[in-house]
Amino acid sequence: MINAPNFRSEFLRTVVARGQYYATTNTEGLDALFLQERVTAYIGFDCTAPSLHVGHAMQIMTLRRLQQAGHRPIVLVGGGTTKVGDPSFRNEARPLLSEEQIETNKAAIRGTFANFLTFGDGPTDAIMVDNADWLDKLQYVPFLREIGRHFSVNRMLTMDSVKMKLDNDLPFSFLEFNYMIMQAYDFVELYRRYGCKLQSSGSDQWGNIVSGIDLGRRVENTELFGLTTPLLTTASGAKMGKTAAGAVWLNPDMLSPYDYWQYWRNTEDADVGRFLRIFTDLPLDEIARLTALQGAELNDAKKVLATEATTLAHGRAAAEQAAETARRTFEEGAIDEGLPTFELARGKLEGLAVTALTHLAGLTSSASEARRFIEGGGLRVNDEVVKDVKATVSAADVTGKGFIKLSVGKKKHILIKPV
């Protein structure tokens with residue numbers, strides 16, 4: 001958060017207090033707009049994977065705050081822009097996905113938003129639209145004449161996302177160069193269709209947002225607005241939503257609610273207060289109380305963070321089950337069916353090296369890493385420390401509940417289920 005103004009409107013005051021504010025265009029004008037009318041605002045999400053991840057959660061929570069303050073959020077699904085790929089601050093071009101892949105991804109991510117937003121036909125109900133509805137229908141030459149003539153290539157080359165590629169002699173295709181124009185056109189089209197006057201996104205999208213505002217002024221003679229949020233990293237400098245095991249997905253078929261809960265439970269001490277403000281709906285005075293906890297008591301705050309964040313993504317029942325599974329696993333050493341499960345053909349289980357099984361189950365990035373855990377006394381089968389790096393598993397290790405419990409360190413557990 002940098003030099004946050006003293007806003008008067010509820011929504012903008014909330015995003016500042018919650019640590020979700022970075023910058024706005026025409027700060028006083030946007031504040032006045034929120035005081036004068038019910039504002040319609042949008043955030044775009046491309047369909048590059050079959051799930052969104054925690055890195056998108058800041059933007060989803062911004063839409064949630066908007067709706068809670070009595071305004072109307074638009075979720076823009078990028079069925080059209082995904083066919084080009086956002087080149088912003090990337091060293092390589094995004095791989096081009098087939099239309100079938102994009103449709104599959106689009107269908108998979110739609111359900112995520114229903115957990116955070118209320119959709120419907122009411123004045124503050126969220127709506128979901130797909131920019132393929134207009135981008136796919138554009139005719140090239142008319143589009144260039146109507147929209148392309150308003151963009152200065154000289155100015156586009158000065159944008160930070162473009163300049164970074166040029167300065168570092170990175171590949172930058174003409175296809176990618178069009179992404180900025182397409183995103184700007186989205187803003188204008190949403191204004192025409194829904195009266196949308198605000199686009200929000202991460203601070204790395206500032207140039208694209210400003211381009212849309214400029215296009216709105218040129219072709220519709222109207223003022224549009226932009227709001228950006230900080231790009232989040234953890235206290236140790238790691239990118240938000242990335243772990244050694246990969247992305248922290250929001251879809252339960254990509255990452256179990258238990259593993260999602262564990263991600264938040266493992267938050268660094270210095271990040272607890274910040275993440276409680278951004279990723280939960282807890283009152284700020286309660287967050288202040290939790291953040292003030294010291295030593296071992298801070299773990300209680302982390303559990304609250306994990307349960308509240310998981311509730312928003314997966315529902316209260318799944319969050320409480322994950323919390324109970326963690327309690328039983330760590331406090332009682334129990335084999336709980338709520339842990340993530342990895343199915344393995346029974347015939348492959350007999351005589352399989354523990355190191356290979358650990359890698360197959362996704363607890364380590366390689367068998368070599370599993371060996372290092374064994375050497376350090378940090379790998380367990382059914383809560384028994386494995387001491388031999390050549391140890392294997394067999395049917396005899398399957399418990400009466402039909403599982404083998406595999407553990408790496410104190411916090412990573414999985415149930416191996418022979419099938």
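- Aromatic ring pairs are classed by plane angle as parallel below 30°, tilted from 30° to 60° and perpendicular above 60°; the pair H53 and H56 is tilted.
- Between W264 and F279, the distance from one ring center to the other falls under 6.0 angstrom.
- Side chain of Q67 to backbone of T118: a donor-acceptor contact under 3.5 angstrom is found.
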- Kindly determine whether W249 and V54 satisfy side chain to side chain contact (heavy atoms under 4.5 Å, CB included), including the steps that lead there. CA-CA 6 Å; W249 302 109; V54 163; over 6 Å; no
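- The closest side-chain heavy-atom distance from V77 to V129 is not below 4.5 Å.
- The residues R192 and E189 are annotated as salt-bridged, a charged nitrogen and a carboxylate oxygen being separated by less than 4.0 angstrom.
- Ring centroids of Y185 and F143 are separated by less than 6.0 Å, placing the two rings close together.
- H413 is listed as a side-chain neighbour of R380, based on a closest heavy-atom distance under 4.5 Å.
- Evaluated for a side chain to side chain contact (heavy atoms under 4.5 Å, CB included) with T124, the options R38, H71, Q68 yield exactly one hit, R38.
- Between the side chains of T234 and D271, no donor N or O sits under 3.5 Å from an acceptor N or O.
- The closest side-chain heavy-atom distance from L198 to L30 is below 4.5 Å.
- A donor atom on one side chain and an acceptor atom on the other are found under 3.5 Å apart for Y179 and D46.
- Side-chain contact between W134 and L190 is present, with heavy atoms from C-beta onward closer than 4.5 Å.
- Under the 3.5 Å distance criterion, with hydrogens and angles disregarded, a donor-acceptor pair is assigned to the side chains of N208 and Q205.
- The existence of a salt bridge linking R289 and D285 is excluded, since no basic side-chain nitrogen approaches an acidic carboxylate oxygen closer than 4.0 Å.
- At most 12 heavy atoms of other shown residues, nucleotides or ligands fall within 6.0 angstrom of atom CG in N6.
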Side chain to side chain contact (heavy atoms under 4.5 Å, CB included) for F225 and T27? Distances and angles first, verdict last. CA-CA 9 Å; F225 299 88; T27 299; over 6 Å; no
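- At most 12 non-hydrogen atoms from other residues, nucleotides or ligands lie less than 6.0 angstrom from CZ of R13.
- Just one residue in the list T14, T229, T62, T228 forms a side chain to side chain donor-acceptor pair (under 3.5 Å) with Q20, and that residue is T62.
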- Query: Step by step, would you call L298 with Q294 a side chain to side chain contact (heavy atoms under 4.5 Å, CB included)?
  - Reply: CA-CA 5 Å; L298 189 57; Q294 299 292 323; over 6 Å; no
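- Using a 4.5 Å heavy-atom threshold, the side chains of F187 and I213 count as touching.
- Using a 4.5 Å heavy-atom threshold, the side chains of E220 and Y191 count as touching.
- The residues R18 and D281 are annotated as not salt-bridged, no charged nitrogen and carboxylate oxygen being separated by less than 4.0 angstrom.
- A salt bridge is defined here as a Lys NZ or Arg NE, NH1 or NH2 lying under 4.0 Å from an Asp or Glu carboxylate O, and D130 with K106 meets this definition.
- Side chains of T48 and N105: a donor-acceptor N/O pair is absent below 3.5 angstrom, by distance only.
- A salt bridge links D214 with R155: the distance from a Lys NZ or Arg NE/NH1/NH2 to an Asp or Glu carboxylate oxygen falls below 4.0 Å.
- For E308 and R316, the salt-bridge test passes: some basic side-chain N is under 4.0 Å from an acidic carboxylate O.
- F7 has its ring centre less than 6.0 Å from the ring centre of Y21.
- Contact check for N131 versus D133: no side-chain heavy atoms found under the 4.5 Å cut-off.
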- Item | Criterion salt bridge (Lys or Arg N to Asp or Glu O under 4.0 Å) on D269 and K302, from CA distance to verdict | CA-CA 8 Å; D269 291 358; K302 293 181 182 181; 2.5 Å; yes
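- In summary, the aromatic rings of F113 and F119 are positioned with their centroids too far apart to meet the 6.0 Å limit.
- Applying side chain to side chain contact (heavy atoms under 4.5 Å, CB included) to L360 and the options T355, I416, L406, L352 leaves one that passes, L352.
- At least one side-chain heavy atom of F45 sits less than 4.5 Å from a side-chain heavy atom of L52.
- Contact check on K197 versus E223 returns no salt bridge, with no Lys/Arg side-chain nitrogen under 4.0 Å from an Asp/Glu carboxylate oxygen.
- Using modelled atom types, one side-chain atom of D125 and one backbone atom of D121 make a donor-acceptor pair closer than 3.5 Å.
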